[in-house]
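This report refers to the structure that appears directly beneath it.
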Protein chains: 2
Amino acid sequence: MRAAPRVTAVIGALADPTRRAVFERIVEAGEANVAFLTKGASVSQPAVSQHLRALKTAGLVAERREGRNVHYRAEPQGLSPLVDWLSVYGMFWRERFANLETLLKEIDP
Amino acid sequence: MRAAPRVTAVIGALADPTRRAVFERIVEAGEANVAFLTKGASVSQPAVSQHLRALKTAGLVAERREGRNVHYRAEPQGLSPLVDWLSVYGMFWRERFANLETLLKEIDP
DNA sequence: GAATCCCATAAGCGTATGCTTATAGATTAA
DNA sequence: TTAATCTATAAGCATACGCTTATGGGATTC
């Protein structure tokens, strides 16, 4: 399975601080429309829309139209190419991931 | 603790496919000099050196001079800003799913 | 239907980025 | 010392990227 292109897309989408902040905000809010994201962003509404398109293309967010509002939500599995990459090239971090998983299972079995 | 700049640096360094391939090659080889990395890369030797500098600046590789050769090795902890970021904005989801599972079990045991 | 609101797209601009060739720097070999 | 080898830097160029303002496209409200 050739996953390199997807890794490039995901990492590329997260590379820009402004765009990453938009994504973080969506994750925290659960769901957010463009107006909400624009307030809080340091750029214009069109810029936010462009970032949202980039995130959508990378598979990191999905949209849900509701009247004239468009609600964006994070797409969990969108990060998996990056997680997979880290599980290979993150070397000893692999242990960390494993530990974190077991920790979560212990806390919440 | 304000880690966003380091995340940006790390992700930015890994965003370019060519540069990421250089890093992957270093990880796989354990240690590699510039000539070795240039063979196998699809770009010129100066381009490889420039990528190495970017990786070094991001804290992802370190160098060891040996005569006229310079050996590069991966710097494991350099990835930690990215791992930490994922543990917040990526792992977050696993936790959510775990909670959802327990919730479902409680409702319908 | 007109006005209003929310969001997306278009066009243009400045800058950042990655590449190349040419050259400098550092170290070893003849 | 001179030549040869390995790597880094410099300069220049083409393209990609992120932003802005202006405008278009739907959906609601009056």
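Naming: A, B, ... by sequence-line order, numbering from 1 per chain. In what follows, every heavy atom counts, from backbone to side chain, and hydrogens, waters and symmetry copies are set aside.
Geometric assessment of R25(A) against the ring of F36(A) yields a positive cation-pi assignment under the 6.0 Å and 45° thresholds.
Atom pair L14(B):CG and dT17(C):P shows a separation of 15 Å (rounding to whole Å applied). For the pair L52(B) CG and dC6(D) C1', the interatomic distance rounds to 13 Å; values are reported in whole Å. Taking atom NZ of residue K56(B) and atom P of nucleotide dA8(D), one finds them 7 Å apart after rounding to whole Å. Atom NE2 in H71(B) sits about 15 Å away from atom C1' in dA26(C), given to the nearest Å. When rounded to the nearest whole Å, the span between CD of E66(A) and C1' of dT28(D) equals 13 Å. I26(A) places its CD1 atom 12 Å from the P atom of dC7(C), with the value rounded to the nearest Å.
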| request: Report the C-alpha separation of R65(B) and E63(B) in whole Å, then their side-chain angles, then the decisive distance to 0.1 Å, and conclude whether the salt bridge (charged side-chain N to carboxylate O under 4.0 Å, His left out) test is met. | output: CA-CA 6 Å; R65(B) 169 143 229 142; E63(B) 49 182 335; over 6 Å; no
| task | Report the C-alpha distance between T38(A) and S44(A) in whole Å, list the side-chain angles of each, state the deciding distance to 0.1 Å, and finish with yes or no for side chain to side chain contact (heavy atoms under 4.5 Å, CB included). | result | CA-CA 7 Å; T38(A) 299; S44(A) 66; over 6 Å; no
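Both R65(A) and R53(B) lie close to DNA chain D; mapped to their nearest nucleotides by heavy-atom distance, the more 5′-ward contact belongs to R53(B).
The backbone N or O of D84(B) sits less than 3.5 Å from a side-chain atom of S87(B), completing a donor-acceptor pair. Within the 3.5 Å criterion, the main-chain N or O of H51(B) finds no donor-acceptor partner in the side chain of R19(B).
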| request: Produce a footprint string for nucleotides 12-24 of chain D: one letter per nucleotide, 5' end first; B if the base is under 4.0 Å from any protein heavy atom, S if only the sugar-phosphate is, - if neither. | output: ------SBBBB--
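There is no side-chain donor-acceptor pair under 3.5 Å between R6(B) and S80(B).
Ranking dA4(D), dT7(D), dA27(D) by closeness to the R68(B) side chain, first place goes to dA4(D).
Using a 4.5 Å cut-off on side-chain heavy atoms (C-beta onward), V34(B) and Y72(B) make contact.
Side-chain nitrogen and oxygen atoms of N69(B) include at least one within less than 4.0 Å of the OP1 or OP2 phosphate oxygen of dT7(D). In terms of phosphate contacts, Y72(B) brings no side-chain nitrogen or oxygen within less than 4.0 Å of OP1 or OP2 of dC6(D).
The side-chain contact (heavy atoms from CB on, under 4.5 Å) with L52(A) is formed by just one residue from the set I26(A), T57(A), L60(A); it is I26(A).
Of all the residues in residues 32-41 of chain B, not one reaches under 4.0 Å from DNA chain C with any non-hydrogen atom.
Remark: H71(A) NE2 to R64(A) CZ distance equals 5.0 Å, nearest 0.5 Å.
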